[in-house]
> 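Take this structure first; my questions come after.
Numbers restart at 1 for each chain; the letters A, B, ... are given by sequence-line order, proteins then strands. Predicted, not measured: the structure shown is a model, and the values here were computed from it.
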Amino acid sequence: MAPAQLPRAFFERPVEEVAKDLVGAVLVHDGTSGLIVETESYHQSEAACHAHVGPTARNRVLFGPAGHVYVYLSYGIHSLVNLVTGPDGEAAAVLIRALEPLEGIELMRSRRGVDRLDELCSGPGKLTEALGIGLEFNGVELSDGPIGVFARDSEPEIVVSKRVGITKAVELPWRFSASGSRFVSRPRPPA
DNA sequence: CAGTGGATGCTCT
DNA sequence: GAGCATCCACTGT
C-alpha cells in the first residue's frame with residue numbers, strides 16, 4: 001500500500017514530536033525524493049529559533065499555520081528547508097538536516113556535481129540543492145503543493161542529541177537521527 | 001581524521 | 001556592521 005501524504009494535523013503538534021516522527025518519512029520534490037534521516041526542532045521559546053525575536057520580514061511564515069514550508073538563506077549561499085509545526089499561536093518548525101536518496105539519484109548527482117551517494121543529501125544545504133528546493137518555495141503549503149512529505153511505513157530507531165551549528169540554546173536535545181544511518185550530516189553526533 | 005579559513009548575501013541592530 | 005540553523009578546500013598529523 002502506497003504511503004499517504006502527511007495531513008495538516010500531523011504538523012499541528014508539539015515540534016519535538018513532529019521532528020521525531022518525521023525521521024523515516026519521505027520528502028519529495030521535482031523528480032527527486034529521499035528518506036528523512038535527520039531533523040532538528042526549533043521553537044520561538046528558545047534563542048536559536050528565528051522566531052525568537054518576534055515576527056520579521058524573513059520569519060513571517062513561522063508565525064503562520066502548520067503544514068507550510070519555511071525556506072531561508074544560510075551564510076549567503078545555502079537554502080535550508082523547514083516544515084512549520086505547532087498549534088496555532090506557537091511559532092515553530094522542523095529543520096530537515098539529511099536524507100537518504102531514494103528517487104532521481106542521477107538528477108541529484110547532476111544538481112550537486114557530486115558522485116558519492118552518501119554525499120548527495122548529508123546536510124541541510126546539500127539536500128536542498130539535490131532536491132532543487134530554493135528560496136522561491138518559502139511559504140508554500142505541503143498538501144497540494146510542489147513539495148510533498150509522505151508517511152513512513154515503519155518506525156526507525158532514533159538517536160537524540162544536541163543540535164548542530166548553532167551558538168544559542170546549544171544544550172537542548174532537539175536533534176533526531178536514524179540510528180546507524182550513513183546518510184546523516186555528521187557521523188558523530190554531540191551528546 | 002581534526003582543525004582552520006574563505007565564500008557569499010541577507011537580516012536585523 | 002555583525003552575525004549567521006553551511007559547505008568545501010586545504011593543512012597537518
Side-chain angles (χ1 to χ4, degrees), chain A residues 11 14-20 22-23 27 32 34 36-64 66 68-86 90-101 108-139 147 149 158-178 181-191:
Chain A
F11 298 96
V15 65
E16 309 100 285
E17 292 180 25
V18 179
K20 176 166 55 74
L22 278 171
V23 176
L27 181 67
T32 48
I36 298 174
V37 295
E38 181 181 345
T39 64
E40 285 177 358
S41 56
Y42 288 84
H43 186 273
Q44 63 178 335
S45 61
E46 44 88 13
C49 182
H50 288 175
H52 188 63
V53 296
T56 66
R58 175 177 66 163
N59 69 20
R60 64 187 164 73
V61 174
L62 292 175
F63 290 86
H68 288 240
V69 176
Y70 171 53
V71 187
Y72 75 96
L73 189 65
S74 180
Y75 291 92
I77 304 174
H78 307 286
S79 298
L80 270 54
V81 65
N82 299 252
L83 308 179
V84 177
T85 74
E90 288 185 33
V94 176
L95 170 68
I96 309 299
R97 284 198 54 92
L99 306 175
E100 175 178 340
M108 291 189 193
R109 285 196 168 109
S110 78
R111 282 173 177 158
R112 291 268 298 124
V114 169
D115 239 29
R116 285 178 56 102
L117 198 57
D118 57 7
E119 290 292 335
L120 291 180
C121 299
S122 55
K126 298 178 188 177
L127 71 91
T128 54
E129 184 174 42
L131 267 63
I133 298 175
L135 295 178
E136 66 271 28
F137 296 99
N138 185 41
I147 299 171
V149 183
I158 292 177
V159 176
V160 180
S161 60
K162 294 178 186 175
R163 294 177 295 182
V164 173
I166 54 173
T167 58
K168 292 174 273 191
V170 295
E171 296 305 315
L172 290 174
W174 278 7
R175 181 182 186 222
F176 306 91
S177 356
S181 173
R182 78 187 232 250
F183 299 97
V184 299
S185 67
R186 304 186 189 191
R188 296 185 173 278

> Rounded to the Å, how far apart are A:Ile96 CD1 and C:dT6 P?
14 Å
> Whole-Å distance between C:dC4 C1' and A:Asn82 CG?
14 Å
> Quick one: is A:Arg175 getting a side-chain N or O under 4.0 Å of the C:dA5 phosphate, OP1 or OP2?
no
> Would you call A:Glu171 and A:Lys162 a side-chain contact if the rule is heavy atoms closer than 4.5 Å?
yes
> Taking A:Asn59 for its side chain and A:Gly54 for its backbone only, find out whether a donor-acceptor pair lies under 3.5 Å.
yes
> Just checking A:Arg182: does its CZ atom have more than 12 heavy atoms from other residues, nucleotides or ligands closer to it than 6.0 angstrom?
yes
> Less than 4.5 Å apart, any side-chain heavy atom of A:Pro55 and any of A:Arg60?
no
> By ring-ring contact (aromatic ring centres under 6.0 Å, His included), which residues pair with A:Tyr72, not counting sequence neighbours?
A:His50, A:Tyr70
> For residues 68-78 of chain A, which residues have at least one heavy atom under 4.0 Å from DNA chain B?
A:Leu73, A:Tyr75, A:Gly76, A:Ile77
> Which ones in residues 42-52 of chain A lie close to DNA chain C, meaning a heavy atom under 4.0 Å from one of its atoms?
A:Tyr42, A:Ala48, A:His50
> Does A:Glu40 reach the main-chain N or O of A:Val164 with its side chain, forming a donor-acceptor pair under 3.5 Å?
yes
> A side-chain contact here means heavy atoms from C-beta on lying under 4.5 Å apart; do A:Leu83 and A:Val149 qualify?
yes
> Please list residues of residues 115-127 of chain A whose heavy atoms come under 4.0 Å from any atom in DNA chain C, ordered by number; otherwise none.
A:Gly123, A:Pro124, A:Gly125, A:Lys126
> Go ahead and write out DNA chain C as dot-bracket, 5' to 3': ( ) for pairs within the strand, [ ] for ones crossing earlier pairs, | when the partner sits on another strand, dots for unpaired; Watson-Crick or G-U wobble, both distances under 3.5 Å.
||||.|||||||.
> Going by the rule side-chain contact (heavy atoms from CB on, under 4.5 Å), which residues pair with A:Ser181 if we only count those two or more places apart in sequence or in a different chain?
A:Val37, A:Ala178, A:Phe183, A:Val184
> With nearest nucleotides of DNA chain C determined for A:Val114 and A:Leu80 from heavy-atom distances, which residue corresponds to the more 5′ nucleotide?
A:Leu80
> Just grab all the salt bridge (charged side-chain N to carboxylate O under 4.0 Å, His left out) pairs involving residues 69-78 of chain A, residues at least two apart or on different chains.
none
> Report each atom pair, protein N/O against N/O of nucleotides 10-13 of chain C, whose distance is under 3.5 angstrom.
none

> Please determine if a side-chain N or O atom of A:Thr167 lies less than 4.0 Å away from the OP1 or OP2 oxygen of C:dG3.
no
> Test your reading of the model: is there a side-chain donor-acceptor pair from A:Arg163 to the backbone of A:Ser41, 3.5 Å cut-off?
yes
> Start with the C-alpha distance between A:Glu129 and A:Arg112, add both sets of side-chain angles, then the distance that settles salt bridge (charged side-chain N to carboxylate O under 4.0 Å, His left out), and finish with yes or no.
CA-CA 6 Å; A:Glu129 184 174 42; A:Arg112 291 268 298 124; 2.9 Å; yes
> Please state how far atom CZ in A:Arg186 lies from atom C1' in B:dA2, giving the value in whole angstrom units.
13 Å
> Return the set of residues passing side-chain hydrogen bond (donor to acceptor under 3.5 Å, both in side chains) with A:Asn138 (not counting sequence neighbours), or none when no residue passes.
none
> Not counting sequence neighbours, which residues clear side-chain hydrogen bond (donor to acceptor under 3.5 Å, both in side chains) with A:Thr39? List them please.
none
> Identify each atom pair where a protein N or O and an N or O of nucleotides 11-13 of chain B are less than 3.5 Å apart, giving names and distance.
{"unit_1": "B:dC12", "atom_1": "OP1", "unit_2": "A:Thr56", "atom_2": "OG1", "d": "2.0"}

> State, yes or no, whether a side-chain contact exists between A:Val114 and A:Lys126 at a heavy-atom distance under 4.5 Å.
no
> Calculate, to the nearest 0.5 Å, the distance between atoms CG and OH belonging to A:Asn82 and A:Tyr42 respectively.
8.0 Å
> Roughly how far, to the nearest 0.5 Å, is the CD1 atom of A:Ile96 from the CD atom of A:Glu38?
10.0 Å
> Less than 4.5 Å apart, side chain to side chain, heavy atoms only: is that true for A:Ser161 and A:Arg175?
yes
> Check salt bridge (charged side-chain N to carboxylate O under 4.0 Å, His left out) between A:Arg58 and all other residues, then give those that pass, not counting sequence neighbours.
none
